2 protein chains.
Amino acid sequence: MREGILRLGNEQLAEVGAPALSVREIARGLGVASSAIYRHVANRDELLTLLIVDAYGDLAKSALDEVDQGAPAGQQLAAIATGMRRWATANPARWALAYGSPVPGYSAPADQTNGPGTLVMTTFLRALSLGKFVRPASVPKASPSLRSELLAGAAEIGIDADPELGVTALGAWTGLIGLISAEVFQQLGAELASHGEELLERWIAETVARFDLS
Amino acid sequence: MREGILRLGNEQLAEVGAPALSVREIARGLGVASSAIYRHVANRDELLTLLIVDAYGDLAKSALDEVDQGAPAGQQLAAIATGMRRWATANPARWALAYGSPVPGYSAPADQTNGPGTLVMTTFLRALSLGKFVRPASVPKASPSLRSELLAGAAEIGIDADPELGVTALGAWTGLIGLISAEVFQQLGAELASHGEELLERWIAETVARFDLS
DNA sequence: TCATTTAGTGAGCACTGATCACAAAAGGAA
DNA sequence: TTCCTTTTGTGATCAGTGCTCACTAAATGA
């Protein structure tokens, strides 16, 4: 039953998107009264939360399983980025759920989404932390407050990295999400929609160069 | 009436978000029958389209009016980026509407959104085109197909830039959107939410350095 | 065997977007 | 002014939604 709800939920997500996802339609698909759904899921928001967690987990599985922990950091980075893109283009609605605009008034409970949600990010940051970042003289150092925040965060995920690299690595992470979202959401117009793969390859190459990976 | 619909629509957007925006609630706010709204707007989707166009226009006005066309490109870039961030944090729901996940099944008609929607981007790209980008040897050249696409796009907005710079500039644009979205949507956790300004300043400084602006 | 918990039912409530016949305004031409 | 036409607003109505609740059937376990 639970699996059926998730399965049909994901199907509807792909077909009509999160805003139009209907609890009743899921019940119809399962051949069951709509009220039966509420025995397993408190309400529509909780169902969406389950789908978000499921999406994070699936993305992590799909993007991380082919990352060779022993490979050079640059190859790890490339594997993560291409894995994320592949999953995102194959599952645009789920990508939107995970990395698109959240629904105001309801915030996905952090305790449920933090684990799988940050797994990909930590792997990404870990790979970048193996490189080195030379801060141009014109770029000011990070503030003490930000430095300590980054040190704490790095310790939490067990990496030992220069906060200066950390700031830039975080920017690379949000930049990657922005790039993939631009392709998935078609924000760059139809002309560039067909060049998503090359744009990502370019981004990977530039990032490898910037962080002196290989 | 039209203005009233847009005004209350934007209010609701801020209060409950796009998915929960209600035509009937707008009608109540205007003291009018709900069916009266449909004399001015074909349906809910068209109303959302109007709000998107309105958001793009407002963002462009807010982000671009303080850009000094005669100033050094680096200052222009900084003005655009900080202007975008200021508007986005002040209008998170409208930012989500413009740059967040689109609603599947209904694509905002391109003819209505293209103008204001690309205005900020073209100004951004124009500023970056004033710099120079040195492609690291490890980064392969853009494919002929992508090059021609970029040349056509650049000609369309009246800038004469090296396609190699163009690819990287596009990546910077999507990266900026990703960075601002990460702050607005709180994707980096509560700890970093309070450092949005510094993260953007850092991004600006690094981008200025990468494109050799000043 | 039998009490108790769990899972499913179907009627019902309050809400939504949208349509439609109708009526009241608002204009414009004679 | 009068009269016709177009525009704007009305209220009833329809199908659909999320969700609740009293009720029943099934499973569980002492």
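Here the structure is a predicted model, which means the values were calculated and not measured. To find a chain, count down the sequence lines: A is the first, B the second, and so on, and within it residues start at 1.
Within residues 29-42 of chain B, the residues that have a heavy atom under 4.0 Å from DNA chain C are, in order of number, Ser35(B), Tyr38(B), Arg39(B).
Arg202(B) has no carboxylate O lying under 4.0 Å from a charged side-chain N of Glu198(B), or vice versa, which leaves the two without a salt bridge.
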With side-chain contact (heavy atoms from CB on, under 4.5 Å) as the test, would you mind laying out the steps for Leu128(A) and Thr168(A) before giving the verdict? CA-CA 10 Å; Leu128(A) 283 194; Thr168(A) 306; over 6 Å; no
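Inter-residue side-chain proximity for Ile26(B) and Leu47(B) is flagged as met; some heavy-atom pair is nearer than 4.5 Å. Taking the side chain as every heavy atom from C-beta outward, Val120(A) and Met84(A) approach each other to under 4.5 Å. A 4.5 Å side-chain heavy-atom check between Glu66(B) and Arg86(B) finds at least one atom pair inside the cut-off. Between Val67(A) and Phe124(A) the shortest side-chain heavy-atom distance does not fall below 4.5 Å. Contact annotation: the side chain of Ile5(A) never approaches that of Leu50(A) to less than 4.5 Å [non-hydrogen atoms, C-beta and beyond]. Between Gln76(B) and Leu213(B) there is no side-chain heavy-atom pair separated by less than 4.5 Å.
No donor-acceptor contact under 3.5 Å links the side chain of Arg24(A) to the base of dG16(D).
DNA chain D contains the following stems of three or more consecutive Watson-Crick or G-U pairs, with both distances under 3.5 Å: C:1-30 with D:1-30.
Within a 6.0 Å sphere centred on CD of Glu11(A), other residues, nucleotides and ligands contribute more than 12 heavy atoms.
Distance CG (Asn43(B)) to C1' (dC20(C)): 17 Å, rounded to an integer number of Å. Computed from coordinates, the Arg44(A) CZ to dA14(C) P distance equals 22 Å when rounded to whole Å. Look at CD on Glu25(B): it is 12 Å from C1' on dT16(C), rounded to the nearest Å. Across the protein-nucleic acid pair, Asp45(A) atom CG and dC19(D) atom P stand 7 Å apart, rounded to whole Å.
Residue-level contact check: Ile26(B) touches neither bases nor backbone, having no heavy atom under 4.0 Å from any strand. Residue contacts for Arg2(B): at a heavy-atom cut-off of 4.0 Å it reaches no nucleic acid atom on any strand shown. Contacts of Leu47(A) with the nucleic acid, taken as non-hydrogen atoms under 4.0 Å apart, are absent.
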